[in-house]
Peer 1: 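Below are the structure tokens for one structure; questions will follow.
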Amino acid sequence: MHCTYTPSRCHVNTAALKRNFVRLGDAVSLMPVVKSDAYGHGLLPVARALAEVGARRFAVGTVSEGIALRQAGLVQQIVPLMGVMEAEEWRQASQYSLTVPLENGDDLTCAAQLADTGLSLRVAVKCETGMGRLGFCAEELPLLLETLRSRPGLEPELVLSHLACADQPDEAVYTQAQAECFEGMWRALRDVWPGIERSLNNSAGTLALPQYRYEICRVGLAIYGGNPFAGLTPQDTAAYRAQQLEWVMSVSAPVLRVRQLKAGQSLSYGRIFTASHDITVAVVAAGYATGVARALSNIMELIIHGRRVRQIGRICMSMLMVDVSNLPQVRAGDLAWILGGSAAAGYSPVTAQEMADTLGTIPYEILCQMGMSNPRVYC
Ligand SMILES: *Cc1c(COP(=O)(O)O)cnc(C)c1O
């Protein structure tokens with residue numbers, strides 16, 4: 001799965017992960033989202049670390065991820081957010097005690113058939129309130145209620161929906177409409193199952209919309225240290241900054257060699273960089289095969305010996321070059337930090353947010369890419 005043969009490393013700081021989780025609220029009120037291999041941080045190590053600080057629930061993407069957690073001995077409530085995709089998975093969900101979101105009439109039919117064979121299944125009711133993706137609409141509730149009520153083997157535990165714009169204060173009206181729709185659907189379910197628990201917020205909602213915390217918040221990006229409000233005003237990001245979350249992932253790669261480049265000489269494919277004066281260049285063992293987007297060529301920075309250095313020339317498949325003229329102490333074997341690493345006074349480490357901004361994307365994509373392209377080590 002990873003690019004196993006690379007000397008670059010994805011460092012996952014499980015202590016920071018645990019601190020972030022604890023800062024975000026009571027363990028019982030949080031459902032950490034560990035889908036897509038825990039946003040590139042590694043499903044099992046992340047889930048185990050969170051279990052150590054009391055996590056009682058996990059949101060995964062697929063049934064197979066849920067099974068992997070069970071096989072690792074985790075006993076928490078587990079919700080595969082994408083639901084069941086293969087017929088065989090209904091039985092598995094029952095066997096492994098996963099809490100399956102039902103999101104349309106077909107799901108309901110399959111769940112009912114399973115229950116009619118005498119098996120039991122924990123279920124979540126997924127409501128469509130404005131995301132336009134998965135879930136029952138309010139008009140479909142009567143059929144849902146009738147099917148579920150007549151089958152005691154189906155145990156509704158949760159009612160879920162997802163906010164489209166929790167990170168956009170300018171969409172507060174839309175968000176409120178989603179919440180009202182959600183509450184209406186919850187009331188109909190609660191009348192039958194009084195203990196059913198609600199979950200609407202993602203990270204952005206958890207931080208900024210306490211009125212929608214209900215029983216459970218699903219937190220993804222925030223437990224990995226990311227800011228769902230990046231780019232907004234200081235006032236709008238206050239809720240994030242107040243938590244003092246820490247980035248969990250860092251990425252390093254060794255310097256392969258250090259060499260001189262004379263004024264007028266060019267570097268790497270396409271000659272997009274030519275030295276205007278004599279410089280010292282370090283060749284680093286990272287590239288687009290290890291998650292460093294080629295589009296960052298000539299514009300990204302790295303940390304070496306605690307200082308910011310500029311990347312120069314086209315980024316290659318597994319090598320990239322940096323200008324280390326100001327760091328005469330750099331030697332082959334030294335570590336370059338593509339994300340994180342410790343920075344000297346006056347310098348700051350490169351964050352997934354900074355890299356995402358440079359690329360015109362979001363930190364989620366950077367974390368997944370880096371985590372999936374580099375062998376992971378845990379500390
Ligand atoms: C991914 C996901 C989340 C977590 O979102 P973050 O912004 O990372 O907190 C929550 N709920 C659902 C349904 C998701 O798919």
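Each ligand, and each atom within it, is numbered from 1 in the order the structure gives.
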Peer 1: For Glu65 and Lys35, run salt bridge (Lys or Arg N to Asp or Glu O under 4.0 Å): C-alpha distance rounded to whole Å, both residues' side-chain angles, the deciding distance at 0.1 Å, then the answer.
Peer 2: CA-CA 8 Å; Glu65 288 174 312; Lys35 69 191 181 197; over 6 Å; no
Peer 1: Is Arg56 atom CZ crowded by more than 12 heavy atoms from other residues, nucleotides or ligands, each under 6.0 Å away?
Peer 2: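 No.
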Peer 1: Would you say CE of Met131 has more than 12 non-hydrogen atoms from neighbouring residues, nucleotides or ligands within 6.0 angstrom?
Peer 2: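 Enclosed.
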Peer 1: Could you go through Leu121 and Trp90, starting from their C-alpha distance and side-chain angles, then the distance that decides it, and tell me whether this counts as side-chain contact (heavy atoms from CB on, under 4.5 Å)?
Peer 2: CA-CA 9 Å; Leu121 185 69; Trp90 288 104; 3.9 Å; yes
Peer 1: Taking N or O atoms only and a 3.5 Å limit, does Gly220 qualify as a polar contact for ligand 1?
Peer 2: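 Checking ligand 1 against Gly220, an N or O pair does fall under 3.5 Å apart.
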Peer 1: Please work out, at 4.0 Å between heavy atoms, whether the side chain, the backbone, both, or neither of Leu221 comes within that distance of ligand 1.
Peer 2: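 The answer is both, backbone and side chain.
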Peer 1: Side chain or backbone, does Tyr364 bring an N or O within less than 3.5 Å of an N or O on ligand 1?
Peer 2: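 Yes - when backbone and side-chain N and O of Tyr364 are compared with those of ligand 1, one distance drops under 3.5 Å.
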Peer 1: Provide, to 0.1 Å, the distance between atom 12 (C) of ligand 1 and the closest protein heavy atom, together with that atom's residue and name.
Peer 2: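 The answer is His162 CE1, 3.4 Å.
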Peer 1: Which ligand 1 atoms, with their elements, are less than 4.0 angstrom from a heavy-atom of Arg218?
Peer 2: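 Numbered from 1, ligand 1 contributes 9 (O), 10 (C), 11 (N), 12 (C), 13 (C).
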Peer 1: Within the 4.0 Å heavy-atom shell around Ser203, which atoms of ligand 1 are there?
Peer 2: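 So the atoms of ligand 1 that pass are 6 (P), 9 (O).
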Peer 1: Of the backbone atoms (N, CA, C, O) and the side-chain heavy atoms from C-beta on, which set of Arg133 has a member under 4.0 Å from an atom of ligand 1: side chain, backbone, both, or neither?
Peer 2: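 The part of Arg133 near ligand 1 is the side chain, not the backbone.
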Peer 1: Determine whether a donor-acceptor pair (N or O, by modelled atom type, separation under 3.5 Å) exists between the side chain of Thr233 and the backbone of Asp236.
Peer 2: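 Pair found, side chain donor or acceptor close to backbone of Asp236.
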Peer 1: Looking at Arg23, I want to see if its CZ is surrounded by more than 12 non-hydrogen atoms of other residues, nucleotides or ligands under 6.0 Å.
Peer 2: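 Enclosed: over 12 neighbouring heavy atoms sit under 6.0 Å from CZ of Arg23.
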Peer 1: Identify, by atom number and element, the atoms of ligand 1 in contact range of Tyr39, meaning under 4.0 Å from any of its heavy atoms.
Peer 2: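 Numbered from 1, ligand 1 contributes 1 (C), 4 (C), 5 (O), 6 (P), 8 (O).
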Peer 1: Which residue supplies the protein heavy atom nearest to atom 15 (O) of ligand 1, what is that atom called, and how far is it?
Peer 2: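 Here the nearest protein heavy atom works out to Lys35 NZ, 2.7 Å.
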Peer 1: Test ring-ring contact (aromatic ring centres under 6.0 Å, His included) on Tyr214 and Phe182 and set out the steps.
Peer 2: CA-CA 11 Å; Tyr214 304 120; Phe182 178 65; 5.5 Å; yes
Peer 1: Find all atoms of ligand 1 within a distance of less than 4.0 Å from any non-hydrogen atom belonging to Val33, and give their numbers and elements.
Peer 2: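 In order of number, 3 (C), 4 (C).
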